[in-house]
Amino acid sequence: MLFYDGHCGLCHRAVKFVLKHDRTGEAFRFAPLQGEAFRALVPDAARGSLPDSIVVRTSDGALLVRSTAFIHILRRLGGGWRLWASVLTVIPRGLRDAAYDFVARVRYRIFGRRDELCPIVPAELRKRFDP
């Protein structure tokens, strides 16, 4: 499950990127951080310490954040994206997370803020989104 900031233009683009490059159509389901699915699947105690950009919940219930979530997404997409994930793991996590946090801080200024929580996607892809 990929949880994203439903108000973030960059996060909407990231979701569309994953939808486009997910060859099987089964790598991820999507839900906004502001939605019911997030509240139902992520315990209250964990929510306060999570970033407000992208969070991945793995099949075993682990919560991945920042650059670790990004790398996990690339690995799940497979193909050449898996190679990019391997390259990124060479960079120390502290540096990766610092770069991620910088982009997260400026994302609204650069990519805008959205009122709608879900990106506009074709009807056949909407079934992959939870409220």
Side-chain angles (χ1 to χ4, degrees):
M1 178 69 76
L2 193 158
F3 297 108
Y4 60 94
D5 177 359
H7 298 296
C8 167
L10 177 59
C11 298
H12 281 218
R13 289 179 186 187
V15 167
K16 287 180 178 182
F17 172 87
V18 173
L19 286 167
K20 178 180 178 183
H21 295 285
D22 178 6
R23 296 181 209 180
T24 65
E26 298 176 357
F28 291 99
R29 291 196 57 77
F30 304 90
L33 289 167
Q34 299 84 356
E36 298 167 20
F38 181 69
R39 288 188 297 276
L41 294 172
V42 178
D44 287 338
R47 281 187 234 145
S49 64
L50 296 174
D52 64 350
S53 50
I54 289 190
V55 176
V56 172
R57 183 176 183 268
T58 64
S59 58
D60 64 359
L63 296 174
L64 307 178
V65 297
R66 296 181 172 81
S67 65
T68 304
F70 182 71
I71 289 170
H72 178 79
I73 291 167
L74 293 176
R75 281 195 178 124
R76 294 271 305 171
L77 292 177
W81 301 114
R82 187 172 287 158
L83 176 63
W84 279 108
S86 296
V87 169
L88 289 172
T89 59
V90 173
I91 301 168
R93 190 171 103 188
L95 290 176
R96 291 190 326 249
D97 283 349
Y100 182 95
D101 290 342
F102 172 76
V103 172
R105 273 194 311 276
V106 300
R107 71 186 190 269
Y108 289 132
R109 283 180 271 175
I110 296 172
F111 296 97
R113 185 171 171 83
R114 311 288 175 142
D115 290 330
E116 67 278 353
L117 290 178
C118 292
I120 298 170
V121 295
E124 67 272 7
L125 296 177
R126 286 188 205 133
K127 64 182 178 239
R128 295 182 59 191
F129 287 79
D130 293 331

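Below, each value reflects all heavy atoms present in this structure, side chains not excepted, and no hydrogens, waters or symmetry copies. Numbering of residues begins at 1 and proceeds along the displayed sequence. Bear in mind that the values here come from a model prediction, so they are computed numbers and not experimental data.
In Phe28, the CZ atom is crowded: over 12 heavy atoms of neighbouring residues, nucleotides or ligands sit closer than 6.0 Å. For Arg93, the CZ atom counts as loosely surrounded, since its 6.0 Å shell holds 12 or fewer non-hydrogen atoms of other residues, nucleotides or ligands.
A distance of 11.0 Å separates CG of Asp22 from CD1 of Ile73, quoted to the nearest 0.5 Å. Here the NE2 atom belonging to His12 is positioned 7.5 Å from the CG atom belonging to Asp5, to the nearest 0.5 angstrom. Rounded to the nearest 0.5 Å, atoms NE2 (His21) and NZ (Lys16) are 13.0 Å apart. In this structure, CG in Leu19 is found 5.0 Å from CZ in Arg128, a value given to the nearest 0.5 Å. In this structure, the separation between CZ on Arg82 and CD1 on Ile71 is 13.5 Å, given to the nearest 0.5 Å. One finds the CZ atom of Arg29 at 10.0 Å from the NZ atom of Lys127 (value rounded to the nearest 0.5 Å).
Two different hydrophobic clusters hold Tyr108 and Val103 under the rule that ILVMFWY side chains link at heavy-atom gaps under 4.5 Å. Tracing side-chain contacts under 4.5 Å through hydrophobic residues (I, L, V, M, F, W, Y), one reaches Leu74 starting from Ile91; they form part of the same cluster. Cluster membership check: Leu50 shares its hydrophobic cluster with Phe3, using side-chain heavy-atom separations under 4.5 Å among Ile, Leu, Val, Met, Phe, Trp and Tyr. The cluster map of Ile, Leu, Val, Met, Phe, Trp and Tyr, joined by side-chain heavy atoms under 4.5 Å apart, puts Trp81 and Leu64 in the same cluster. Residue Leu41 is not grouped with residue Phe30 when hydrophobic side chains (ILVMFWY) are merged at heavy-atom distances under 4.5 angstrom, including chains of intermediate members.
Counting heavy atoms from C-beta on, the side chains of Asp130 and Glu36 never come closer than 4.5 Å. Side-chain atoms of Arg76 and Leu2, non-hydrogen and from C-beta on, never get closer than 4.5 Å to each other. Using a 4.5 Å cut-off on side-chain heavy atoms (C-beta onward), Tyr4 and Pro32 make contact. Between Leu10 and Ile110 there is no side-chain heavy-atom pair separated by less than 4.5 Å. The closest side-chain heavy-atom distance from Asp52 to Arg107 is below 4.5 Å. Residues Arg23 and Leu77 are not in side-chain contact: their nearest non-hydrogen atoms beyond the backbone lie 4.5 Å or more apart. Phe70 places a side-chain heavy atom less than 4.5 Å from the side chain of Leu88. Inter-residue side-chain proximity for Thr68 and Tyr100 is flagged as unmet; no heavy-atom pair is nearer than 4.5 Å.
Side chain of Arg39 to main chain of Leu33: no donor-acceptor pair is present (N/O by atom type, distance under 3.5 Å, no hydrogens or angles).
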Met1 and Val55: CA distance, side-chain angles, deciding distance, side chain to side chain contact (heavy atoms under 4.5 Å, CB included) verdict | CA-CA 8 Å; Met1 178 69 76; Val55 176; over 6 Å; no

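Nearest heavy atoms, Pro131 versus Ala31: O-CB, 4.2 Å. Shortest non-hydrogen contact noted between Ala46 and Val42 is CB-CG1, 4.1 Å.
Checking Ser67 against Asp97 by side-chain atom types alone, a donor-acceptor pair falls below 3.5 Å.
A cation-pi arrangement, defined by a distance under 6.0 Å to the six-membered ring centre and an angle within 45 degrees of its axis, is absent between Arg13 and Phe111.
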